[in-house]
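To start, the structure itself, in structure tokens.
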Amino acid sequence: MVVSTPLRRSGSRAGLPVVPRRTRARPDWPLTSLLAVVWLVGISVAALAAPLLPLPDPSTQDLLARLQPPVGFGGTLAHPLGTDQLGRDLASRILAGTRVSLSLALVGVIISAVVGTSLGIIAGYRRGLPDHVISLSIDVQLAVPFIVLALIALTLFGTGLTVLIILLGLSGWEQYARIARANTLRLRNELFVVAAQAAGASPARILARHILPNEVAPLLVLMTLHLTSLVLLESSLSFLGIGVQPPTPSLGNILGDARNYLQIAWWLPVFPGAVLLAITLSFNELGDWLRDVTDPTTRGR
């Protein structure tokens, strides 16, 4: 005697095997990456909202209150992080300097990404003479230390913000160009690109609709890591006195002013240096997390 077993129903159809649904894996947020994002968002919001906070103006001088220590070390709540050698509130100057440093770094990253990605895609897609010229420019940029070019340019053209933004924008474009060129060389022979060419699509449409969207992930990781380099570059130039000029504060010139008071006012270099260190470490951690998420070879680890 043969006993038949009822078939299980799957959805609205009967007699079909039940196939488990595939759920898309969500990227895990490590604690360090989460803390980095929280810190970057918090310091950015605080820097943007600094004029609305109950803090003194960062440029207001009060010689009677000069070199006051922070709260907990003999200071008052009027100046929670103390004052500098001219009596200016250190907390308000750090927030204002953070706003200036992050703004310059962000503008520089956008310029570098646009210039480098455009040149890299052109070199990889057109090949021939454009590829040779752009590749030679990349090699020259990599061979010459950029800090030397920055010092020469600032000496010849002055230390204005416009010159500084242009220098930051030209710093690191070759990295975007190399990545964009390598990816374009790989993508230009893919079937979807060949099919678009056979269908009569223009080169501009192929680059905008088929090649550029496939290069966003590695370029986004590079932009995050590049922000760290530009923040440090701007701080270094300002520390040397050839970057952002007073009375405009930045993290670099705040540290530059503090180097003469290391023995009598420890808070002047410690607090802005800690903010700069936390910003650079956070950008590096965020970039590493984005690289792990977007890299298919490490996504499942």
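As the structure is a computational prediction, the values presented were derived from the model and not from experiment.
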Is a side-chain N or O of [X] found less than 3.5 angstrom from the main chain of [Y], in a donor-acceptor match?
X      : Y      : value
Ser250 : Val244 : no
Arg93  : Pro58  : yes
Arg66  : Gln85  : yes
Ser235 : Leu251 : no
Ser33  : Leu286 : no
Gln245 : Gly243 : yes
Arg188 : Gly124 : yes
Ser112 : Ser171 : yes
Thr98  : Ile94  : yes
Thr117 : Val114 : no

Taking all non-hydrogen atoms of both residues into account, name the closest pair between [X] and [Y] and its distance.
X      : Y      : value
Ser238 : Asn253 : CB-N, 3.6 Å
Pro218 : Asn183 : CG-ND2, 3.7 Å
Ala143 : Pro145 : O-CD, 3.7 Å
Thr184 : Gly120 : OG1-O, 4.3 Å
Ala265 : Pro269 : O-CD, 3.4 Å
Gln141 : Leu170 : NE2-O, 3.4 Å

[X], [atom1]: over 12 other non-hydrogen atoms inside 6.0 angstrom:
X      : atom1 : result
Arg99  : CZ    : yes
Leu136 : CG    : yes
Phe192 : CZ    : yes

Item checked: Name of the residue among Asp89, Asp62, Asp84 meeting side chain to side chain donor-acceptor pair (under 3.5 Å) with His79 ->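 Among the candidates, only Asp89 passes.
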
Interatomic distance, [X] atom [atom1] to [Y] atom [atom2] [nearest 0.5 angstrom]:
X      : Y      : atom1 : atom2 : result
Thr162 : Phe157 : OG1   : CZ    : 13.0 Å
Trp173 : Leu119 : CH2   : CG    : 6.0 Å
Leu95  : Ile43  : CG    : CD1   : 5.5 Å
Arg126 : Leu207 : CZ    : CG    : 9.5 Å
Leu225 : Leu290 : CG    : CG    : 8.5 Å
Leu151 : Leu237 : CG    : CG    : 6.5 Å

Item checked: Verdict with reasoning, Leu219 to Tyr176, per side chain to side chain contact (heavy atoms under 4.5 Å, CB included) -> CA-CA 7 Å; Leu219 293 176; Tyr176 298 94; 4.0 Å; yes

Are [X] and [Y] packed together at the side-chain level, in the sense that at least one heavy-atom pair is separated by less than 4.5 angstrom?
X      : Y      : value
Asp257 : Leu268 : no
Leu86  : Leu63  : yes
Val293 : Trp289 : yes
Tyr261 : Ile264 : yes
Trp267 : Leu81  : no
Ser135 : Arg181 : yes
Arg178 : Ile138 : yes

Connected via hydrophobic side-chain network under 4.5 Å: [X] and [Y]:
X      : Y      : value
Leu185 : Ile179 : no
Leu230 : Ile242 : yes
Ile165 : Leu233 : yes
Ile134 : Val140 : no
Leu67  : Ile254 : yes

Notebook entry, point to check: In terms of the angle between their ring planes, are Phe73 and Trp266 parallel, tilted or perpendicular, with boundaries placed at 30° and 60°?
Noted result: perpendicular

Note to self: When you measure from the centre of the six-membered ring of Phe239, is the NZ or CZ of Arg259 closer than 6.0 Å and no more than 45° off the axis?
What the structure shows: yes

Item checked: Derivation of the side chain to side chain contact (heavy atoms under 4.5 Å, CB included) call for Leu168 and Ile111 -> CA-CA 8 Å; Leu168 293 178; Ile111 296 175; over 6 Å; no

Margin query: Let's go through Ile279 and Trp39 carefully: what are the C-alpha distance in whole Å and the side-chain angles of both, what is the deciding distance for side chain to side chain contact (heavy atoms under 4.5 Å, CB included) to 0.1 Å, and is it a yes or a no?
Written below: CA-CA 8 Å; Ile279 289 174; Trp39 163 253; 3.8 Å; yes

Margin query: Per the salt bridge (charged side-chain N to carboxylate O under 4.0 Å, His left out) rule, what does the pair list look like for residues 203-220, sequence neighbours excluded?
Written below: none

